[in-house]
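Heads up, the thing below is written out as structure tokens.
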Amino acid sequence: MPLNPKSSQQSSDFIRAMVAEDMRTGKYAGRVVTRFPPEPNGYLHIGHAKSICLNFGIAEENEGGVCHLRFDDTNPELEDIKYAESIQHDVRWLGFDWHDQLFFASDYFERLYRYAVKLIEDGNAYVDSLSDEEIREYRGTVTEPGRESPYRNRSVHENLDLFQRMRAGEFEDGAHVLRARIRMDAPNMVMRDPVLYRIRHASHYRTGDEWCVYPLYDFTHCLSDAMEDVTHSLCSLEFKDSRELYDWVLDAAGIERPRTEQTEFARLNLDYTVVSKRKLVRLVNEGHVRGWDDPRLPTIAGLRRRGVTPEAIRQFCDLIGVAKVDSRIDIGKLEFCVRDNLNKQVPRVMCVLRPLRLVILNYPEDQTEEIDAPYYPHDVPKEGSRKVPFSRVLYIERDDFQEDPPSKFFRLAPGREVRLRYAYFVKCVDVVKDADTGEITEIHCTYDPETKGGGSASDGRKVKGTLHWVSAGHSLPAEVRLYDRLFVKADPEETAGGEDFTAHLNPHSMVTLRESRIEPSVAGDAPGTRYQFERQGYFCSDSVDSTPDALVFNRTVGLRDTWAKVAAKERDPVGSAKKKDGTRRAKHKTSDAPSAVDSETPEQSAAVARFVGQGVAADDARILARDEVLSGIFDEAVRVHSNPAAVAGWVVNELRRELKHTAATDLPFTGKQLGALAALVDDKTISRTMAKGVFAEMVERGGEPGDIVERRGLRQQSDPSALEPIIDKLIAAHQDKVAQYKAGKTGLLRFFVGQVMRETEGRANPAVVSESVRQRLS
RNA sequence: UGGCCCCUCGUCCAAUGGCAGGACUCCGGCCUUUGGAGCCGGCAAUGGUGGUUCGAAUCCACCGGGGCCAACCA
């Protein structure tokens, strides 16, 4: 099945799930506002397309959702109006519409400045006069804390004065910066008093010379989102660390919740190419490719010029999904989408890439026929045909003839008969060679007039091959550019010994064929028209270089080529089978015993001993000993319920998880209450499963476990006779599963138990259910 | 002597603590005036070790592996 066109609406990923959840809970009062925030300093590429499809897609899928196009244009030295224009063009070409939601961060400069003033007034920002090298030095490293700038404690008054004078243009570039006052020993480097504003006496493409102080990303982005009432600010994984600052700035600016929240997803990486603005710039500037729209580049402009459709790109983005794992996508998936899309919509036409003359000896010299050839095959529901001239002298593909063919070669060879597509059967009767070089220059054939139109022969004989062709005298000369992967290595950035990624450039990424011949029907077609050249691939006329007098075509993607695989196998029966790319992700087979505890203080060792003495498992004891909060709660709980092993289990396995995103002081229940919960399980009042539900409520809202059990009416059902009817019903409803279970798929036991647990809302005793089901099905 | 994130078929993405599933690729077969398309079928995975649990891909720990962070870029 080709991809369901609606699948983008049906597909769900963790971000869409989050948006749906926010809609359900009414967090943003039913609003969904996303944004695509490019910096106008380069051209869009396929990686951006993923973000565009995500952001605009989510807006489209939700009632009333909108997606803003916002230019993050805060760096006057790199940005240009031409980029802003091309980006808008590319987004539209991809099929998305921001309606009137077009924004520029540069329009917010005045408001951002006022926020900066507020930060200064509140003591949350200061003017630093260290040089850039000094700032770097003071920042420390990932393993060492930074040091505070000597200017960190300037008075609010002085900061305000300096900042105002920075804006007024009194200082040179780099003389001062505005920094957030957070802390210089933060483990997250981003939080070490980040720079918020810098001085740049540079003309901005939109604000001209109005400003000489420009805000930086971390300050601008979150506030821009907030000013636009964005709800879901989606960005790529490398901004994970920035989120803490994103929230800090919004807090400092006094933006109230509910407000924009940042969520990170994995950026797109593609095999055998690079998707990074900086690397693309190098390829263009160093002349490795012919420009930003070189068809070998994964830029939107390059893909467009190559003939890739926007639908194919959207389908691709839908296919690859959205997740948090850094991944590298098989370029074959893009090719699949391109073929799938083009197959259903482009006309077929015949073009001979590497011509070989074929003369039909028994066809009259002065005769020409106009053969009616449909534009689409039987399985593409589109209409239309054109006339293709047929004559005594034709060109066929050089690869379609072999003098001494291997067994599975179905094409033309001495004495062999094949079909010429839409025309006649021809049989090879002679091969003409160049006397000097021995190169085949011409094939002589006879044709069977009975087989016109490609039907079968009157005597019922069959041919195995069908060849495309053009008439030598009527066909048009054409230049055809064949593209291949830009790099020879799946991950070009993986380099050794001082090389850089350009070392892996594929020298044959573009092959130009200048002798190709194409049927005359394409003569008047507009530049950029897409075709399938039958038996070859999908092509389009080059929108830049193709002229009516000198046709130029780009190969978008080749057809799937089964023959190439067969041929490869014939040449190398073993090698091709195991030919695999060696760059797959490293798998690691290491067995290792849990190692001895790393540096433990004497106090901790003593605590471990104490816990173990109480009966706590050694691993759990170590975890408790390392964390005062945990051990405090543990001690408190044990006083209520003296089963230290069980209590430790609750603390280590359940509580620890919650403390990852909730501060211990915010926990709405006490150690005593946790102990009470453990007691309820141990005295069999409730099952473990129910207890987890109770625990979840305690985390959510707090409360005495006994009360929760009471209110919910929780009581474990362990009486087999009470459970039997439910099990019977289930078995009756899932006869297919029963059969599978009896056939040996024992994993289904879990399915049945799970169903009963669901049915009874966790009240059934799973051990009893399990045993009961097992007996019933045996 | 850091912090954060991540680890499921070859690839990409799924799976309330309860049947490990889909797509791409690959391999067969059918069909075919494109060695295309289509149809049918097949191969193929939870990084490791412990723990919690009636039940773990999912929760906890440790180990291993990968990624991001030290621009006055975004």
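Per chain, numbering begins at 1; letters A, B, ... match sequence-line order. Every heavy atom of this structure was used, including side-chain atoms; hydrogens, water molecules and symmetry mates were not.
Nucleotide B:rC31 holds its P atom 14 Å from the CZ atom of A:Phe410, rounded to whole Å. Atom-to-atom, CD of A:Gln717 to P of B:rC54 comes out at 18 Å; the value is rounded to the nearest Å. A:Asp491 places its CG atom 14 Å from the P atom of B:rU11, with the value rounded to the nearest Å. Whole-Å rounding puts the A:Phe265 CZ to B:rC5 P distance at 19 Å. Rounded to a whole Å, the CG atom of A:Asp620 is 11 Å from the P atom of B:rC62. Following rounding to the nearest Å, A:Met757 (CE) and B:rU53 (P) show an atom-to-atom distance of 15 Å. Rounded to an integer number of Å, the gap from CZ of A:Arg339 to C1' of B:rG35 is 14 Å. Rounded to an integer number of Å, the gap from A:Arg16 CZ to B:rA15 P is 14 Å.
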What string of B, S and - do you get for nucleotides 67-74 of chain B 5' to 3' if you count protein non-hydrogen atoms under 4.0 Å?
SBBBBBSB
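Among the protein residues, A:Arg192 comes within range of no part of the nucleic acid, since none of its heavy atoms lies under 4.0 Å from any strand. If you check every strand for non-hydrogen atoms under 4.0 Å, A:Tyr138 touches nothing. A:Arg411 comes within 4.0 angstrom of a nucleotide base, judged by non-hydrogen atoms across all strands. Nucleic acid contact class of A:Lys408 (heavy atoms, under 4.0 Å, all strands): base. Contact annotation for A:Arg758: base contact, defined as any heavy-atom pair under 4.0 Å involving a base atom. If you check every strand for non-hydrogen atoms under 4.0 Å, A:Leu559 touches a base.
For the pair A:Arg688 and A:Trp650, the cation-pi test (distance below 6.0 Å, angle within 45°) is passed.
The nucleotide whose nearest atom lies closest to any side-chain atom of A:Lys240 is, among B:rC26, B:rG50, B:rC5, B:rC5. Picking from B:rC6, B:rG28, B:rC24 the nucleotide with the shortest atom distance to the side chain of A:Lys569 gives B:rG28. The A:Lys333 side chain lies nearest to B:rC24 when the options are B:rC5, B:rC24, B:rC19.
A donor and an acceptor atom sit less than 3.5 Å apart, one in the side chain of A:Arg348 and one in the base of B:rU34.
Salt-bridge formation is detected for the pair A:Asp340/A:Lys344: a Lys NZ or Arg NE/NH1/NH2 atom is positioned less than 4.0 Å from an Asp or Glu carboxylate oxygen. Of the charged side-chain nitrogens involved, none lies within less than 4.0 Å of a carboxylate oxygen, so that A:Asp399 and A:Arg535 do not count as a salt-bridged pair. Using a cut-off of 4.0 Å between Lys/Arg side-chain N and Asp/Glu carboxylate O, A:Lys240 and A:Glu264 are scored as salt-bridged.
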Please enumerate all protein N or O atoms sitting under 3.5 Å from an N or O of nucleotides 55-59 of chain B, with distances to 0.1 Å.
from, atom 1, to, atom 2, distance (Å)
B:rG55, O2', A:Arg750, NE, 3.3
B:rC59, O2', A:Asn653, O, 2.8
B:rC59, O2', A:Arg657, NH1, 2.6

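To the nearest whole angstrom, the two C1' atoms, one in B:rC59 and one in B:rU53, are 9 Å apart. As rounded to the nearest Å, B:rA20 and B:rG2 have C1' atoms that lie 38 Å from one another.
A:His48 and A:Phe36 have perpendicular rings, their planes meeting at more than 60° on a 0 to 90° scale where under 30° would count as parallel.
For B:rU8, there is no paired nucleotide, since no Watson-Crick or G-U wobble pair has both relevant distances below 3.5 Å. Both distances falling under 3.5 Å, in either a Watson-Crick or a G-U wobble arrangement, place B:rC68 opposite B:rG3. Searching all strands for a Watson-Crick or G-U wobble partner of B:rA61 with both distances below 3.5 Å returns B:rU49. With a cut-off of 3.5 Å on both Watson-Crick or G-U wobble distances, the partner of B:rA74 is given as none.
Every residue meeting the side-chain contact (heavy atoms from CB on, under 4.5 Å) condition with A:Tyr376, not counting sequence neighbours, appears here in chain and number order: A:Pro347, A:Val380, A:Lys382. Remark: A:Ala646 pairs with A:Asn643, A:Asp682 by the side-chain contact (heavy atoms from CB on, under 4.5 Å) rule, at least two apart or across chains. In this view, A:Ser224 and A:Arg70, A:Ala105, A:Tyr108, A:Thr220 satisfy the side-chain contact (heavy atoms from CB on, under 4.5 Å) rule, not counting sequence neighbours. With sequence neighbours excluded, no residue satisfies salt bridge (charged side-chain N to carboxylate O under 4.0 Å, His left out) with A:Glu658.
Of the residues listed (A:Phe163, A:Tyr217, A:Tyr126, A:Tyr214), the one engaging A:Tyr197 in a ring pair (Phe, Tyr, Trp, His ring centres under 6.0 Å) is A:Phe163, and it is the only one.
The residue among A:Val325 and A:Val322 whose nearest nucleotide of RNA chain B lies closer to the 5′ end is A:Val325. Nearest-nucleotide mapping onto RNA chain B: of A:Glu144 and A:Thr562, the residue sitting toward the 5' end is A:Glu144.
In this structure, OG1 in A:Thr451 is found 8.5 Å from CZ in A:Arg419, a value given to the nearest 0.5 Å.
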